[in-house]
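The block underneath contains the structure these notes are about, expressed in structure tokens.
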Amino acid sequence: MDQLLALDKEDTRTELDSFVHDLSAQKQSGLAWVKSHIKEINEWVDRDGVALLRGLNIVSTNQFSTILEAIFGEQLSQYIYRSSPRTALRNNIYTTTEYHADQVILQHNENAYSNCWPMRMGFFCVVPAKTGGNTPLADSRLVYQQLPVALREKFEKLGVMYVRNYGDIDLPWQEVFQTQNKQEVEAYCWKNDIIFEWKSDKHLQTKQIRPAVATHPQTGEKVWFNQAHLFHCSSIDNQLPESMRESIGLENLPRNAYYGDGSEIAASDIAIINEVYRSLTFAYQWQRNDIMLLDNMLYTHGREAYTGTRKVLVGMAKAAY
């Protein structure tokens, strides 16, 4: 199983290499092969939740977007209500989150903090990193099952409140909502059950309460589907110097997560969630031209720290509410 880079000593599945579909023997272009195998590809994702297409000949970002649109059967989604910095390319293809190379991006289901998320995601490795830089995965069903029952039931009962302060430290509201117009921001918030308050002309605070657990619409299985651990002030990518935390105050942190009733989530609870993710996470070593397709509710994704140049692109489709 040399295609698999295990991040834990014990695999949580016995046939992880079955997710890899080696297509290097195909003589067609990547786009031509995909167009003639759309049903088969979708069956792989429906069955396994993950499909890694390896060895296809893909020559451009535009070809990647065309491939995804052929597989998903619709145009790709625009990325609005953002939580991380990305660069938009053509046809709703984006760079993956542009955090510094030495940072780890924790496991998450895309847009699980929102009331609208993509059911399907496609990643394209243009340039693999020199070391690291892979996109680890974890089964959201197993995360739900392996969390302590008492903790899981508390989250399931109360949900999660996401609090965000846009301004000098985190992303500006103009980037998050992809507009310069405050009225458009307010209209989006009203439409999507987001509580908002303008702290000043430049600073906006939003609060949104969302479920912590979801039921997959096709399989009927419960999945752990939230970003409490990613938004929580104890999270790796939200760490700030203690002096800065004290100076701006807990209520003004760039982002934080609470239980849905507004009560604080203990850092020890977040640590338990992160440990469950760590125990279930696995990754494939990126190779140039790899395309990884995900069911965004069944599998989380993240990013390893890396060295060298890394370029991985992403497209999303099939919005769910």
Side-chain angles (χ1 to χ4, degrees), residues 1-6 15-79 86-98 101 110 118-137 282-296 298-299 301-304 306-318:
M1 197 182 296
D2 57 355
Q3 292 173 318
L4 177 66
L5 173 64
E15 296 182 353
L16 291 174
D17 54 346
S18 69
F19 296 163
V20 180
H21 304 275
D22 189 348
L23 309 171
S24 56
Q26 304 300 322
K27 299 187 182 299
Q28 294 176 295
S29 72
L31 178 58
W33 186 89
V34 165
K35 286 185 173 180
S36 61
H37 292 81
I38 290 174
K39 182 180 178 182
E40 185 178 9
I41 294 169
N42 280 298
E43 286 174 349
W44 292 339
V45 182
D46 290 341
R47 182 191 67 207
D48 296 329
V50 181
L52 179 60
L53 311 183
R54 172 158 287 168
L56 290 176
N57 180 23
I58 305 167
V59 297
S60 68
T61 300
N62 283 343
Q63 195 174 74
F64 171 55
S65 67
T66 303
I67 285 172
L68 289 189
E69 288 180 351
I71 295 171
F72 298 151
E74 64 182 46
Q75 290 186 335
L76 301 180
S77 304
Q78 187 178 2
Y79 183 45
R86 301 172 188 258
T87 298
L89 306 177
R90 297 178 63 183
N91 301 326
N92 289 333
I93 294 295
Y94 299 88
T95 60
T96 50
T97 298
E98 296 172 344
E110 197 68 32
M119 285 296 295
R120 289 288 187 268
M121 302 189 68
F123 297 87
F124 175 41
C125 180
V126 181
V127 180
K130 182 178 179 181
T131 63
N134 294 310
T135 300
L137 310 174
F282 63 94
Y284 296 96
Q285 187 73 52
W286 275 126
Q287 296 181 18
R288 188 181 298 271
N289 277 3
D290 277 354
I291 290 181
M292 183 186 291
L293 304 170
L294 291 186
D295 181 313
N296 182 45
L298 293 183
Y299 278 88
H301 63 279
R303 191 200 71 185
E304 301 171 358
Y306 66 93
T307 63
T309 300
R310 176 188 188 270
K311 187 175 183 180
V312 177
L313 307 180
V314 64
M316 298 166 268
K318 296 190 176 296

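- At least one side-chain heavy atom of V34 sits less than 4.5 Å from a side-chain heavy atom of L56.
- Using a 4.0 Å cut-off between a side-chain N of Lys or Arg and a carboxylate O of Asp or Glu, D22 and R54 do not qualify as a salt bridge.
- With hydrogens and angles ignored, the 3.5 Å screen pairs a side-chain donor or acceptor of D290 with a backbone N or O of Q287.
- Side-chain contact between R86 and T95 is present, with at least one heavy-atom pair separated by less than 4.5 Å.
- Applying side chain to side chain contact (heavy atoms under 4.5 Å, CB included) to L313 and the options T96, I291, L89 leaves one that passes, L89.
- Once rounded to the nearest 0.5 Å, the distance linking CZ of R288 with NZ of K311 reads 10.5 Å.
- Within a 6.0 Å radius of CD in Q75, no more than 12 heavy atoms belonging to other residues, nucleotides or ligands are found.
- Between the side chain of Y94 and the backbone N or O of Y79, at least one donor-acceptor pair lies under 3.5 Å.
- Looking at heavy atoms from C-beta onward, H301 lies out of side-chain contact with P136 at the 4.5 angstrom threshold.
- In this structure, Y299 OH and L137 CG are separated by 8.0 Å, a value rounded to the nearest 0.5 Å.
- Ion pairing between a basic and an acidic side chain is recognised when a charged N comes within 4.0 Å of a carboxylate O; D46 and R120 show such pairing.
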Report task. Kindly determine whether I67 and F124 satisfy side-chain contact (heavy atoms from CB on, under 4.5 Å), including the steps that lead there. Result -> CA-CA 11 Å; I67 285 172; F124 175 41; over 6 Å; no
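- For the pair R303 and R310, the minimum side-chain heavy-atom distance is below 4.5 Å.
- Judged by distance alone, the side chain of N91 and the main-chain N or O of N62 form no donor-acceptor pair under 3.5 Å.
- A 4.5 Å side-chain heavy-atom check between Q28 and S36 finds at least one atom pair inside the cut-off.
- Counting only N and O atoms by type, the side chains of Q63 and S60 include no donor and acceptor under 3.5 Å apart.
- The side-chain heavy atoms of L53 and L293, taken from C-beta on, include a pair separated by under 4.5 Å.
- Counting all heavy atoms, side chain and backbone alike, A317 lies closest to S77 at CA-OG, 3.5 Å.
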Query raised in the report: Should M292 and C125 be marked as a side-chain contact (heavy atoms from CB on, under 4.5 Å) after you check the CA-CA gap, both sets of side-chain angles, and the distance that decides it?
Result: CA-CA 9 Å; M292 183 186 291; C125 180; over 6 Å; no
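- In this pair, F19 and F282 present their aromatic rings tilted. The plane angle is within the 30 to 60° band.
- A distance-only check finds a donor-acceptor pair linking the side chain of N134 to the backbone of W286 [under 3.5 Å].
- Between the side chain of N92 and the backbone N or O of L76 there is at least one donor-acceptor pair closer than 3.5 Å.
- To the nearest 0.5 Å, atoms CH2 (W44) and NE2 (H37) are separated by 7.5 Å.
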Query - Full working for side-chain contact (heavy atoms from CB on, under 4.5 Å) between I71 and N42 - result: CA-CA 7 Å; I71 295 171; N42 280 298; 3.8 Å; yes
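- For the pair S65 and I93, the tightest heavy-atom approach, listed with the atom from each and the gap, is CB-CG1, 3.5 Å.
- Residues E110 and K318 are not paired through a salt bridge, judged by the lack of any N-O separation under 4.0 Å between the basic side chain and the carboxylate.
- Across all non-hydrogen atoms, the minimal contact from A129 to Y306 is CB-CB, 3.7 Å.
- Counting heavy atoms from C-beta on, the side chains of T309 and K130 never come closer than 4.5 Å.
- For the pair F123/F64, no side-chain contact is recorded, criterion being any heavy-atom separation below 4.5 Å from C-beta on.
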Report task. Evaluate side chain to side chain donor-acceptor pair (under 3.5 Å) for T66 paired with E69, printing each intermediate quantity in order. Result -> CA-CA 5 Å; T66 303; E69 288 180 351; 5.4 Å; no
Query raised in the report: Hey, mind stepping through V312 and V126 against side-chain contact (heavy atoms from CB on, under 4.5 Å) and telling me if it holds?
Result: CA-CA 6 Å; V312 177; V126 181; over 6 Å; no
